[in-house]
Amino acid sequence: MNPSALIYLLTAAIVFGIGLHGLLQSRQILRQLLCINLMGGGIFLLLITLGGGADGPPDPVPQAMVLTGIVIAVSATAFALALLLRWHELGDSTELDAVANADANTHDE
Amino acid sequence: MIGLAMDCVLALGIVFLAVQTVRSRSLFQAMLMFIVFGLLMSLSWARLHAPDLALAEAAIGAGITGALLLVTWRRLQAEGHDPVESEQSAPSMWLTLPTAGAASLLVVIIGWVALQLPAVPGTAGELAWQRLEEVGVSNPVTGVLLGFRAYDTLLEMAVLLAAWLGARAVATEFRPGALPGPAHAEVPLVGALLSLVVPISILVAVYLLQAGGSAPGGAFQGGAVLAAGGVLLCLTGRLEAAADTSGLERLGLILGLSVFSLVGLLVMAGGGPMLALPGAWAIYLVETALLVSIALTLVLLFAAAPGLRRAS
Amino acid sequence: MTNEALIGLIFLPLLGACATVLPGRFATYLGILSGLAPLPLLLVAVTLSVAQNGPGFLELGGWAAPLGIRLFVDPLAVLMLWMVAIIGGLAAIHAWCDFPPASPSGQRFWPLWLLLTSAMNALFLSADLFNLYVCLELITLTAIPLIALTGSKTAVRAAMRYLLLALLASLLYLLGVALLYNATGTLDLYLMRDALAAAPPAAVVATLALISLGLLLKGAVFPLHVWLPKAHASAPGPVSAVLSALVVKTAIYLLYRVWLWSVPATVAAEQALTLLAILGAGALLYGGVLALLQQRLKLVIAYSTVAQLGYLLLILPMASSGAWPVAWQGGTYQLLSHGLAKAAMFLAAANILHALGSDRLSDLQRLDQRQPLSLFALAVAGVSIMGLPPSGGFLAKWLLLDAAFRSGQWWLLAVLVAGSLLAAAYVFRILAASLRRDDPTEADPVADTKAIPNVQTACAVLLALLALAAGFAAAPMIEFIGPGAPGAWSRP
Amino acid sequence: MSFGWQALPLYIILVSVVTGILVFMLGEQRQHTRTVLNLAGAILKLALILIMLLAIQAGTTFEFRLPLLPGLDLLLHADRLTMLFATLSALLWLVTTVYAIGYLEQSPNRARFFGFFSLCVAATMGVASAGNLFTFFIFYELLTLATWPLVVHRGTPEAFAAGRIYLAYTLAGGILLLVGLIWLHALAGAGDFILDGSLAPIASGNENALRAIFVLLMLGFGVKAALLPLHSWLPRAMVAPAPVSALLHAVAVVKAGAFGLVRLIQDVFGFQLAASLGLTDLLAWVAGVTIIYGSVLALKQSDLKRRLAYSTVSQVSYIALGVATGGVLATIGGLVHLVHQGLTKITLFFCAGNYAEAYGIHKVEDLDGLGECMPVTSVCFTIAALGMIGVPPMAGFITKWHLGAGAMAAGAPWVILILVASTLLNAAYFLPLLQRIWFRPLTEEIARRDDRLGRIRQVALIAPTVFVAVTALAAGLLAGIPGSPLFWVTRMVGAEGP
Amino acid sequence: MILLALSLPLLLALACLLGQQHRLRWLLPAASLPMIGLAVLPESRLELDWLLFGLEVGGDAVSRPFLLLLGIAWSLAGWHALDYIRERQRSFCLFWLLTLSGISLAFLAQDAAGFYCGYAVMGLAAYGLILHDRSAAARRAGRVYLMLALLGEVLILAGLFQLGARFGNFPLAELGTLLGEPVGFQLAGWCLLAGFAVKMGTLPLHIWLPLAHPVAPAPASAILSGVIVKAGLLGWLRFLPPDMYGVSPPVLAMVMLGLTAAFYAALMGLTRSEPKAILAWSTVSQLGLMLVLFAAASVGDVERALLLPIIGIWVLHHGLNKAALFIATACAPTLTRWRLLLLAVPALSIAGLPLSTGGLAKTLAKEGLTMAALPGWAVTVFGLSSLTTAWLLWHLFDRLRQRPGDARVHPAWLLLTLFAMVVPWLWATHVGLASWPTLPQSWDGIWPLLFASAIALSWQRRGWQLPDWAGMQAIRRERFVKLESARPLSLPQISILRQYEAGRALLRLERQLSLVPVVGLGLLALLLGLGLILIIGM
């Protein structure tokens, strides 16, 4: 494996990790969405790097997968943002877990 | 060597931006960081011999996603919620440390596993190269997308449609002027610029579409570029939100999916295998339909309105 | 003919969805009818073919795996498809009243519903891991808007939590798939086993772990179930029914496919499957207790789903024992009978909620006067959920217990017993709440009840009766399902 | 699977099911139609059973088989034991229906009541005619389900508390039964009621497993049969209306448990095998202790129905005791008590219901002098109470005679001690009631109350009471004639009369 | 005839139940008349297959005196009752007739189950007679009676089970043959002995008698004391064939018990003031003597054959006389001369006045005892019992005299006294035992009377009286037996956790679990766990 592939491989793993960490410890939904996109980016990078075909031509299958993935990611993000708008209209917090308890209270009193 | 150095810089930049996206206290800043992150990703993919992806990421990952994020943020602001001010409250230690630990562990594992992966002979990718001409295009990515794995692409269009349908389903009540138009009187130059940019974006889209057969490009990239033009029109107030989706828009939204499916079904009806596109013309036909749908869907998602109409 | 039927199962609802997007009442009706009505007919053809010729592949575009994408149809897939057709169909009829196709709410509802149907059919048939990822995403992005459709606060909040966790799950799954492709060069579910056998162990482990975890989160397996109860409880009735009866099962179905069809012999599957079964046991017990603690009807039913999914995982450790055929029959029958019963319960609960304006258990009193048929559906479905005869649930539980005995897995036995007792406790809690009459002097009990369209009641009752009938028609179905998956790891 | 004449047991079950469903569908208001329907169903069913009885005498065999799972059939058949239980429950169903129609004259939710009532009897018929344990279990659990709404019929918190206890016990018992059943299934494979001796080949080496299975099944049946310590649901279920109590105690639930125990010993294990594994002794001891314990507790109850309930706890164990003691005589004693206890206990509950309905009397202390105001009911009560004690020539005596003599013959003299003690205790808790009814002056408070029974209700309540009382009396008095329960049981056991 | 004897009381009882007692009351005395016929007519048997286990009924040598007693005493007492009972006639008639049906069946039954059946019915129905008064004392007496009667019945039942296990429902006459070599008293024998002893008022099971008789109406007391207690004796005779061991310790024990009872009861009677209580104690005393006779008859087959007619005479004598005395308590509050005579005849007869039936019976009994090889002291003591008996009857006489009141002389009393004088003699003639007393025998009969009169008169003059503690004793015993009501026991309930702390804790846990970071951590932990398991396995 060539050094630049190695670099990108590590980058991909690290970005995924950062995204995951960010997802778990942020509380704002918008940022959580960003983190999910970061994780996706990490995975895409990993796919491309591994399918980079250091010796031969690049592997088109992972590239196609990533392309599909990107479109799905944007779709999901777009929908999530729409839902977020709705959320804001209803609620008063931008944090998911902040309402978990309030939510629970309305349900389980 | 220079390449390697560039890779290093890119990698560091990507990691830095990712960290910033997570860490920056201001949400707006985080979004900006993320957009830049997308651009750097696109650069890195160009470095990794994936020009199709570089284009797509630049147009969709960074461009459209960024635009969506920013416009959402702005809408939230407009509605009185103040995402800028709602700084992220400091996460508690007992959550930060374990998540960080677990995430790093995962990073190590993924990295380690990935390093272990040997080059496998006879992958789907190799087969794709071998049988590319059977599809009728020379760009292997397009070949995979519309030939070997056309079914994925078709369902992906369904996902895009679902995203729009979903966004519509949960959308807040339509209010005229929901689209964030220009806040001030328009600078005269904008009009001139637009009259230049929009036709160019159409041209680029068409170019990308037809280039997709042999060179980097294709319906997705083209669609994203076209959508970017549409977004511009929205932002400058040339297009404004409509209370209802027009028939044409509806047709455009489903065009990609239905043309793709119908072509596939017709092939099957003709005795061929399902979704085996008969030759390049069929691919271009489908791609055109896809392009229209993608562009329209993305613009409508951006507009967050049932439909669009020309500004009066 | 079979191939066309399979394609039809996926593409008819898909094109139907496209049609419903188009303007005009005619297009909408056409889309819904052509998207849903022919499914049972097509399935008959598929079923006959599978019964005759056994499982088969269909290569899309004529490209053989690993290059292309294949569809795979076997008895398990047929079973799932039938569930989609029947439960989805009846739920759709139920939904017709709440979301009239021509109305604005119908305009929002039906395209998503049809896409969801198509996505589930696609998922159950797909043999390609990346294609499955796309299907999973399609299901997520259609199911969540359906939940949030009502726009109520709890629904939107539940939808948002579901969305974030579902996306996280998809990413884990995708990561696993990425590693898999690079380790083996193939994405095909049924080529994966041999390909993985040659792959480095670390990659195999990481792939399986990531894919499984993604699916566990999507399948709301304890302790990752947290998104499910509120999402299912706050959705509109037919959506709840389909979510609980079908959508969560997609992830379990894929877990079955991965672990029972595609795990190489080099992997020590028993231990891993035991871990999954422990999660299932946890789900059964925890979900049962939590269901007991809920104060709302739909939440009780939703937690019941959490619990009942546990049964499906419990059979896994028996896969290498001689009891496997029985266990497999039990597991698949549970899949079916739980689907029918749970859908019936959710539809009935929806009717009750509409009629009474509340689904608080404390508000259900004298339900036998106010909503007798819905209560009947609830009770009959409850019988199946409890695993009491005569119902499909009973036969499923019988088979599961039988398998546990034959394989000597005593702890499974204990869990099954405890699980069914808990189920009885929460079901009877509902029934007790609905037979209560606090004030015997209270006048006309029907006065404060809104009328429910007969069709909606009929749907719930029909599903409940189907759950009941499953207790009598098991033999042919179990024969059709056959001895189960060829688990490679069970080879000596 | 044949739906011809052979499937008569199925149709008998269906008669009740259909009656139940139609009653549900009729709704609350169509009272007369419902009454006609209920009675028609009950009479039709009784007629069918009598036809079947005659046909069985003529040597016809009835069997209905429906495969449910590979190797497991829903099997309905009719043997003599079936007919004993079926005839009893069908007859008592008819009577109880008449009674319930009168009893619930004014009360709400009658459609629900009668619907579940019919389903309950359908399940009982299923239990009676189950041809294998699997089928037995199905109907056994159905019985639980169908009875619960009856137990909680009043809808009060107490009713639900009782219902909860009832469920907790019966469902837990059902699970134990299921586990035992599956274990047996895994051990012995599929089969109809594994008849005497066919378990023997697999017995060697599996002794402990078989013992464990027996204990599981015994516990499963024991819950409904109210064996110690699984009995405490029964007294609590007393909050239900009187016809339900009658149903629980005499027609269906408790009987089903006892019937299960009979099947367990007689048909599943076979007495020989069970005895060689030491299992009959276990059951006999448990039954013995239950008899005494139930009686002692009955002594302490001041609520009439609770006292009767504890009496049931005690009395039903006679059945188990008889069957577990073994030998021709004791078995006859146990089986015949199935009928005798049913007739007697249903009389008692009807009477208790009459007292409650007419004068609102629930407590033992309030019975004073009721012999004057309600002579017929009181005479019936007396007949039944004496029958319970086992005073000759009442039915209870027939039972005790066979049990006692059988126990001696089977070499279990301790059973006699149980019988003696139980008789004394029975007398100790029943005779004071009779003394109050007949020999005490009417309390002023009761005397001031009006008889709340209307004329029609009076007929509907008292006629069934008299009928069952007379039947109970006849079962004992005329035990020697052909057609008496004793006659049937004796022929069933295949022995000459004593 | 047999059928009539059995069904007449039952039919009448049914009529009473239906409220026809006013119309059919006059049949009350007639209900037991067929018994007389059965006693004197030639033997006949009737099989009732359809009843119980198949009944066989008919009179035989053993039961004839019993039947005769039943027929006479019951009919006359019934006649008396017709006029005497003013309140609760229906209830009285019902229980009277039920008791009669029971005892008829018991006396006529030729099989074990039939006998027991009749015996039990009689025992329970008699409860209604005792309780006729409905007073607190009556209830207490009834309760004690009932407890003991039931105890007796279950003991009999226990004995019957043991026999039934071997012989089924055996014909009573064949028991001896069936048993073959009766080897001492087996457990069954002891059970039966003790069981029937309750009715026989054998020490210490007698306590119901002195409680029950005073509270029961006079005719009821008459038949209780005169007839019903004899059923116990018949039970003994039926179910306990003679032992083959001669004068064995059990036989001696019975003799001693009987003699003790004879004296003890007489003394106890002296402590009471109520005439019927005195008579009740007298009955206990006399029954003690009959126990001695039975013990002697148990020595062997020969002795049994010898003593059986003597026992028969005793039965008739005591039954009729005691019945007459009880009726007298109702008819003779004010003692005119005629009434005095009427009272004296049976009293003296019981005391054993020569030439009276009592004298005959005593003489015969002493002969029989001697021949049965009972020890000489036993015979002597048996004879001495006349002393206490006479004293007791003096006491009665005294008490009756002191009681004020007014009553009509009922013809039934006259008839009963007459029959009491005549019938035992006739019966003795019939069985060939009638004989004139010799002089020594007469003296034996007379001196205790004189001696007792002397004691009684002197005692009376000094105004002495024994303390009344028999009742207290019974009350104490009763309290001992009575079961206190207590709170019902209950096993721990199965509780469903709901409003409890555990439930709330679970809900809190669920809330924590649903936080995104927690889900994520759980996810990662599971991921690592699954991975580790897989790695270890590879």
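Naming convention: chains lettered A, B, ... in sequence-line order (proteins, then strands); numbering from 1 in each chain.
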Inset, instruction - Could you tell me whether the side chain of Ser391(C) and the main chain of Gly387(C) form a donor-acceptor pair under 3.5 Å? - result: no
Legend entry - Atom group of Val326(C) that falls short of 4.5 Å from chain D, counting heavy atoms: neither
Legend entry - Main-chain N/O of Tyr140(D) paired to Lys224(D) side chain as donor or acceptor, under 3.5 Å: yes
Inset, instruction - Answer with side chain, backbone, both or neither: which region of Ile175(D) has an atom nearer than 4.5 Å to a non-hydrogen atom of chain C? - result: side chain
Inset, instruction - Pick one of side chain, backbone, both or neither for Leu167(D), based on which atoms fall under 4.5 Å of a heavy atom in chain C. - result: side chain
Inset, instruction - For a side-chain contact (heavy atoms from CB on, under 4.5 Å) with Thr124(D), tell me which candidate from Val253(D), Leu247(D), Leu143(D) qualifies. - result: Leu143(D)
Legend entry - Glu479(C), CD atom: more than 12 neighbouring heavy atoms under 6.0 Å: no
Inset, instruction - Let me know if Leu388(C) has heavy atoms under 4.5 Å from chain D in its side chain, its backbone, both or neither. - result: side chain
Legend entry - Residue among Phe113(D), Phe116(D), Phe117(D) satisfying ring pair (Phe, Tyr, Trp, His ring centres under 6.0 Å) with Phe24(D): Phe116(D)
Inset, instruction - Examine Phe394(C) together with Phe137(D) and report whether their ring centres are nearer than 6.0 Å. - result: yes
Inset, instruction - Go through the atoms of Leu395(C) and report whether side chain, backbone, both or neither lie under 4.5 Å from a heavy atom of chain D. - result: both
Inset, instruction - Identify which part of Met386(C) has an atom lying under 4.5 Å from any heavy atom of chain D, answering side chain, backbone, both or neither. - result: side chain
Legend entry - Contact origin within Val179(D) toward chain C - heavy atom pairs under 4.5 Å: both
Inset, instruction - Could you tell me which portion of Leu401(C) (side chain, backbone, both or neither) has an atom closer than 4.5 angstrom to a non-hydrogen atom of chain D? - result: both
Inset, instruction - Could you tell me which of Val417(C), Leu416(C), Leu373(C) has the largest number of non-hydrogen atom pairs under 4.5 Å with chain D? - result: Val417(C)
Legend entry - Aromatic contact, Phe160(D) with Phe428(C) (centres under 6.0 Å): no
